[in-house]
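Report on the following structure.
Just so you know, these numbers come straight off a predicted model, no measurement behind them.
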Amino acid sequence: MMARTKPCPLCGNAPSPEYKPFCSRGCRDRDMLKWLGEGYTIPVEANEDTDNRDAAYNGGLDSAEKPD
């Protein structure tokens, strides 16, 4: 039984041993540029801890409040 190889994650072509898991230098470089340009992100849900930390950083003021 032969092991199946996954296709290139960008274009779906067969991967090249030299650029694995990508099929070519072009796909490898496009992927790197996407990382460097912050094209890949991880969604984050706001939670209470984050909200409290932001309020402490802003001196405890809500963004709608103004100091006297």
Side-chain angles (χ1 to χ4, degrees):
M1 188 156 122
M2 200 169 179
R4 293 184 62 181
T5 58
K6 292 184 179 182
C8 174
L10 293 180
C11 69
N13 289 332
S16 165
E18 185 178 357
Y19 301 108
K20 199 171 183 179
F22 305 103
C23 65
S24 66
R25 180 177 176 185
C27 282
R28 181 192 67 184
D29 290 351
R30 279 192 357 232
D31 184 68
M32 180 60 74
L33 287 171
K34 195 166 181 180
W35 279 107
L36 294 173
E38 299 181 12
Y40 293 121
T41 58
I42 299 172
V44 177
E45 292 183 25
N47 62 33
E48 194 172 309
D49 293 338
T50 303
D51 294 338
N52 290 338
R53 186 174 46 235
D54 290 342
Y57 178 76
N58 292 326
L61 297 176
D62 187 1
S63 60
E65 297 177 22
K66 296 188 183 199
D68 293 326

### Query
How long is the span from the CZ atom in Arg25 to the CE atom in Met32, to the nearest 0.5 Å?
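Here the interatomic distance stands at 12.0 Å.
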
### Query
So how far is it from Arg28 CZ to Cys8 SG, rounded to the nearest 0.5 Å?
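Rounded to the nearest 0.5 Å, the CZ-SG separation comes out at 12.0 Å.
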
### Message
Name the residue from Pro9, Ser16, Pro15, Pro7 that meets the side-chain contact (heavy atoms from CB on, under 4.5 Å) definition with Phe22.
### Response
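One option only clears the test, and that one is Pro9.
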
### Query
Which atom names give the shortest non-hydrogen contact between Leu10 and Cys27, and what distance separates them?
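Heavy atoms only, the tightest pair is CD1-O, 2.9 Å.
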
